[in-house]
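To find a chain, count down the sequence lines: A is the first, B the second, and so on, and within it residues start at 1. Treat the numbers as computed from the prediction; the structure is a model and nothing was measured.
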Number of protein chains: 2
Amino acid sequence: MQNKIFELRKSAGLTQDMLAKKCKVSRQTINAIENDRYDPTLQLAFKIAVVLNTTVDNVFKK
Amino acid sequence: MQNKIFELRKSAGLTQDMLAKKCKVSRQTINAIENDRYDPTLQLAFKIAVVLNTTVDNVFKK
DNA sequence: TTAATATGTCAAAAGTTCTTTACATTTCCA
DNA sequence: TGGAAATGTAAAGAACTTTTGACATATTAA
């Protein structure tokens with residue numbers, strides 16, 4: 001599912017590793033999601049949205 | 001994860017089975033999610049939100 | 001009350017997410 | 001240019017979601 005993690009993450013001045021740590025998942029997980037290799041669980045989607053200071057609907061646009 | 005599926009579904013005049021069909025999943029899946037036995041995939045969360053005419057963030061509140 | 005509809009739940013199987021470890025490539029800046 | 005930091009990717013396994021089929025209970029309407 002298409003997402004805006006890259007741009008939102010950059011805007012927040014975070015590396016994949018920093019975002020991963022804030023979400024308490026591995027760097028590879030963030031990388032895979034950012035590059036659309038698979039979708040996160042709903043829980044992780046919410047965590048990412050919170051850390052990036054926005055909504056799930058905004059991060060993952062249909 | 002807590003959610004408002006029951007009330008939104010009722011407001012929309014839908015049974016679990018009707019909502020399931022609109023989302024193209026089984027009735028048991030909707031039942032399990034509504035009763036918080038497990039969280040849907042992100043894809044299904046979006047589908048549910050669309051069918052219930054609202055956002056993922058509104059359906060699944062943290 | 002009876003019949004039909006709606007909901008709750010179980011178990012097994014299939015499919016997906018996420019982790020860890022490991023290594024390759026790219027970017028960037030001193 | 002060289003070295004460090006950041007990113008991309010792979011494989012195996014643990015954990016979770018969803019399906020199907022089945023049966024029980026609850027609710028509603030005739």
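- Note on B:Gln28: every side-chain N or O is 4.0 Å or more away from OP1 and OP2 of D:dG21.
- An OP1 or OP2 oxygen of C:dT7 is reached within less than 4.0 angstrom by a side-chain nitrogen or oxygen of B:Lys10.
- Between A:Cys23 atom SG and A:Met18 atom CE the span is 12.0 Å, to the nearest 0.5 Å.
- Rounded to a whole Å, the CE atom of A:Met18 is 10 Å from the P atom of D:dT7.
- Taking 4.5 Å as the limit, some side-chain heavy atom of B:Thr29 sits within range of a side-chain heavy atom of B:Leu44.
- Regarding contacts with the backbone of C:dT9, a side-chain N or O of B:Arg37 is found under 4.0 angstrom from either OP1 or OP2.
- Taking CD1 of A:Ile30 as the start and CD1 of A:Ile5 as the end, the distance is 6.0 Å to the nearest 0.5 Å.
- The CG-P distance, from A:Asp36 to C:dT17, rounds to 10 Å in whole Å.
- Under the 4.5 Å side-chain criterion, counting only non-hydrogen atoms from C-beta, A:Asp17 is not in contact with A:Leu14.
- In this model, the phosphate group of D:dT7 is not approached by any side-chain N or O of A:Asn31 to a distance below 4.0 Å at OP1 or OP2.
- Separating the CG atom of B:Asp39 from the P atom of D:dC16 is a distance of 11 Å, rounded to the nearest angstrom.
- Between B:Arg9 and C:dT7, a side-chain N or O to OP1/OP2 separation shorter than 4.0 Å is present.
- Protein atom CG of A:Leu19 is 16 Å distant from nucleotide atom C1' of D:dG8, rounded to whole Å.
- The nearest whole Å value for the distance from the CZ atom in A:Arg27 to the C1' atom in C:dT26 is 12 Å.
- In this structure, B:Glu34 places its CD atom 11 Å from P of C:dT9, rounding to the nearest Å.
- D:dT17 atom P lies 12 Å from atom CZ of B:Phe60, rounded to whole Å.
- Applying the 4.0 Å criterion to OP1 and OP2 of C:dT17, one finds that B:Thr41 has every side-chain N and O outside that range.
- At least one side-chain heavy atom of A:Leu8 sits less than 4.5 Å from a side-chain heavy atom of A:Val59.
- Across all strands, B:Thr29 comes closer than 4.0 Å to base atoms (heavy-atom distances).
- Side-chain nitrogen and oxygen atoms of B:Gln16 include at least one within less than 4.0 Å of the OP1 or OP2 phosphate oxygen of C:dG8.
- At whole-Å resolution of the value, CG in B:Leu42 and P in D:dC16 are 18 Å apart.
- The residue A:Ser26 sits close to a base: some heavy atom pair falls under 4.0 Å.
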